[in-house]
Amino acid sequence: MRRDHYGGLIVVSRISSFFSSKAGNFRSQFRLLCIASNSFTTTHTFSPLLRQCIDERWLPGIKTIQAQMLKYGFPIQLSGSKLVDVGLKCGEIGYAREVFDEMPERHIVTWNSLIAYFIKHRRSKEAVEVYRLMITSNVSPDEYTLSSVFKAFSDLGFEKEAQRSHGLAVVLGLEVSNVFVGSALVDMYVKFGKTREAKLVLDRVEEKDVVLITALIVGYSQKGEDAEAVKAFRSMLGEGVQPNEYTYASVLISCGNLKNVSNGKLIHGLMIKSGFDSALGSQTSLLTMYLRCGLVDDSLWIFKCIEYPNQVTWTSLISGLVLNGREEMALTEFRKMMRDSVKPNSFTLSSGLRGCSNLAMFEEGRQIHGIVTKYGFDRDKYAGSGLIDLYGKCGCSDMARSVFDGLNEVDVISVNTMMYSYAQNGLGREALELFERMMNLGLQANDVTVLSVLLACNNSGFVDEGCEFFESFRKGKVVLTNDHYACMVDMLGRAGRLDEAERLVNEVVNPDLVLWRTLLSACKIHRNVEMAERLKRKILEMAPGDEGALILMSNLYASTGKWNRVIEMKSDMRGMKLKKSPAMSWVDVDRETHTFMAGDLFSHPNSEQILETLEELIKKAKKVGYVEDKSCVFQDMEESAKERSLHQHSEKLAIAFAVWRNAGGSIRILKNLRVCVDCHSWIKIVSRVIKREIICRDSKRFHHFRDGSCSCRDYW
DNA sequence: TTAGGGTTAG
């Protein structure tokens, strides 16, 4: 390059030829010029270069020129707006802010750009600070400012300030005339949970568009005002506004919550027609809708059509399958997701864990715990609650507690889960201590809290305490449901306070079958035939042929020796084609689940060994005092046959199998019905004989058998 | 040169 005192101009002309060239080329030439030429000495040289750098939003170039200009003492007369703009676009917020702060006057666009940058990067506090500075500098915000800043207010929960700015938007006429401002306001009120206000804003906006209406639908959907969401969707169609993938995504969730398949299918059709059925977000909602409506097959078909399911899609599938009682399939899908290298998040993990806890799959759950740890969700409240639930439902309250103590945030749900775990495992005192702590923390109790407290009292036999709690809950904020009453009825009923229990049922506005059946089962325990018959009539009026009631009656007649009535009941049941569901037990040995059915002695491949071991165990148990309790046999048969029938209960078979396989550790049994008195006393003795803990989860609660006694203290 | 909405959970 030629250097003379005209050098600057020569450089300029050369540079001009670079203007049309591509960015990369320009930049490398620029660097060369910086190194090779000391001709950057006139403003003529700087200006075009600077313009090019700005056009290319190339901050390092700008900075170099600025440094040069400073070096040669040229005044910097640059447009601050441009520099801020370039700074923001290059992500150099420090630089942009520096320039911004030095500007004596700022264009409104510059204010807006800075606010928008902070909001985009979720730095709401700084956005609001700039906005406040704007107001105190007497710069009037415009539609761009307001449509941005409302998001920051909702993010920070600044309701009062938000209302003042809303007032400003009204004064400026922007609330009505600018749909961006309107949408931002709707979105903000939705995030504050104020759908009524959001709707009022929407109604005032002159020209409604898809985003505005969708924001409101989202609000309704997220707040559980699902019927309103569907209504808003309909009126949107009526007004001729075309929904898009976001709209479909939200309204479908509401259809799912309403279990309104017909609407859901209609909307599915609209989606296909308008071509929005291939967007992942709306596909995921479609999947969720079908799952919440219980149409598992349809949802699997939808899932199959999704080419690249993401984390959310997988989670939706897994949680939906668990919701529909398809835990095994949910876990298979969970494993498939991991194989496809899609990372789970805390939602996914908690869904997977719930699948395990429903089936008390301890080993499988432990493996997911490993994944929870691997991805760093150990202290997360969602995954954590899943773990607490798992360990609670597997009978390991200690492990549940250690997860609970490690959480980085305790909320109502995690405390509830922990309390419920204690309650199920008969650790009532621990549950109540936690309840007290929760009150001290100022956490608001909800319906699950109330249920956990009552269940804790029920399962631990704290009847008087339970009644006291119940009375105070009645005066509290939580609306009591039939479930709460059922728990109390069970508690009073089991304690033999049948009249009180019946009075309580009569106090309920809409007593359901569960309540009456609970009372009936208390009659069975206390062998109150007269009251039971009265209740049976009532239940059969409500639900002719109710299986639960008939079985309870038949067992009650059997336990009071009224065999003729038993035969009558059984033939009635046969007439109605009702069959008692078979008693089943499941036991996990070496990560495999084995199923046993009462009375089924031959279908297991190891039947011979199982029966041998069982005989051995019964013999040993008898030596230390086990005597069959034949009152548990609800069939009229000879005494020896009764004994045989008792020996064939599914949990006895399952335990014998586990003992034969001699896998270490505790024996974990899951049962579909409740444990009978005979098995209960037998297992107590066996736990001492074999010196192993046996944990049995029946349909209602846990029994931890250890060294001859059970955690339920024989009260269940 | 500046602006708005979604899908998964206990």
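Protein chains get the first letters and strands the later ones, always in sequence-line order, with residue 1 at the start of each.
- At a threshold of 4.0 angstrom between heavy atoms, the contacts of A:D411 include nucleobase atoms, whether or not backbone atoms are also involved.
- Each of A:D411, A:V410, A:V412 was scored for a side chain to side chain contact (heavy atoms under 4.5 Å, CB included) with A:M438, with one residue passing: A:V412.
- The side chain of A:V179 lies closest to B:dG4 when the candidates are B:dT1, B:dT8, B:dG4.
- A:N345 comes within contact range of at least one nucleobase, with a heavy-atom separation under 4.0 Å.
- Within residues 96-120 of chain A, the residues having any heavy atom closer than 4.0 Å to DNA chain B are, in order of number, A:V109, A:N112, A:S113, A:A116.
- Summarising the geometry, the separation between CG on A:N310 and P on B:dG6 is reported as 16 Å, rounded to the nearest angstrom.
- Scored by the side-chain hydrogen bond (donor to acceptor under 3.5 Å, both in side chains) test, A:D187 finds A:K191 as partners (sequence neighbours excluded).
- Listed candidates were B:dT7, B:dG4, B:dT1. Nearest to the side chain of A:L212 is B:dG4.
- A:K393 is not listed as a side-chain neighbour of A:L359, based on a closest heavy-atom distance of 4.5 Å or more.
- In this structure, the CD1 atom of A:I253 is 9 Å from the C1' atom of B:dG6, given to the nearest Å.
- Ionic pairing of A:R401 and A:E430 is not present here: no N-O contact between side-chain nitrogen and carboxylate oxygen is shorter than 4.0 angstrom.
- Residue-level contact check: A:I413 touches the bases, meaning some heavy atom is under 4.0 Å from a base atom.
- At the heavy-atom level, A:S250 lies under 4.0 Å from the strands shown only through sugar-phosphate atoms.
- Contacts of A:V181 with the nucleic acid, taken as non-hydrogen atoms under 4.0 Å apart, are absent.
- No hydrogens or angles considered: nothing links the side chains of A:S421 and A:S397 as a donor-acceptor pair under 3.5 Å.
- The distance between atom CH2 of A:W314 and atom P of B:dT8, rounded to the nearest whole Å, is 18 Å.
- Side-chain atoms of A:S147 lie closest to B:dA3 of the nucleotides B:dA3, B:dG6, B:dG4.
- Distance A:Q283 CD to B:dT7 P: 16 Å, rounded to the nearest Å.
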Problem - Step-by-step ring-ring contact (aromatic ring centres under 6.0 Å, His included) determination, A:F100 to A:W111 - result: CA-CA 9 Å; A:F100 180 87; A:W111 285 101; 5.1 Å; yes

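- Stacking of the aromatic ring of A:Y246 onto the base of B:dG6 is not found under the criterion of centres within 5.5 Å and planes under 30°.
- Rounding to whole angstrom units, CG of residue A:L280 and C1' of B:dT7 are separated by 8 Å.
- Nearest nucleotide to the A:Y144 side chain, out of B:dA3, B:dT7, B:dT1: B:dA3.
- In this structure, A:M134 atom CE and B:dT2 atom C1' are separated by 10 Å, rounded to whole Å.
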Handout entry: Chi angles and distances behind the salt bridge (Lys or Arg N to Asp or Glu O under 4.0 Å) call for A:D340, A:K336
Key = CA-CA 6 Å; A:D340 283 2; A:K336 266 194 219 159; over 6 Å; no

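- A donor N or O paired with an acceptor N or O is not found under 3.5 Å between the base of B:dA3 and the side-chain atoms of A:S148.
- Using a 4.0 Å heavy-atom distance criterion, A:S221 is classed as making no nucleic acid contact.
- Within the structure, every pair that satisfies the ring-ring contact (aromatic ring centres under 6.0 Å, His included) test and touches residues 177-229 of chain A, not counting sequence neighbours, is listed here: A:H166-A:Y189.
- Summarising the geometry, the separation between CG on A:D155 and P on B:dG4 is reported as 14 Å, rounded to the nearest angstrom.
- At a threshold of 4.0 angstrom between heavy atoms, the contacts of A:N244 include nucleobase atoms, whether or not backbone atoms are also involved.
- Under the 3.5 Å distance criterion, with hydrogens and angles disregarded, no donor-acceptor pair is assigned to the side chains of A:H107 and A:T110.
- Which of B:dT8, B:dA3, B:dT1 sits closest to the side chain of A:N178 comes down to B:dA3.
- Residue A:Q222 has its side chain nearest to B:dG6 when only B:dT8, B:dT2, B:dG6 are considered.
- The distance from atom CG of A:D187 to atom C1' of B:dA3 is 12 Å, rounded to the nearest whole Å.
- Residue A:V211 is classed as a base contact, given a heavy-atom separation below 4.0 Å to a base.
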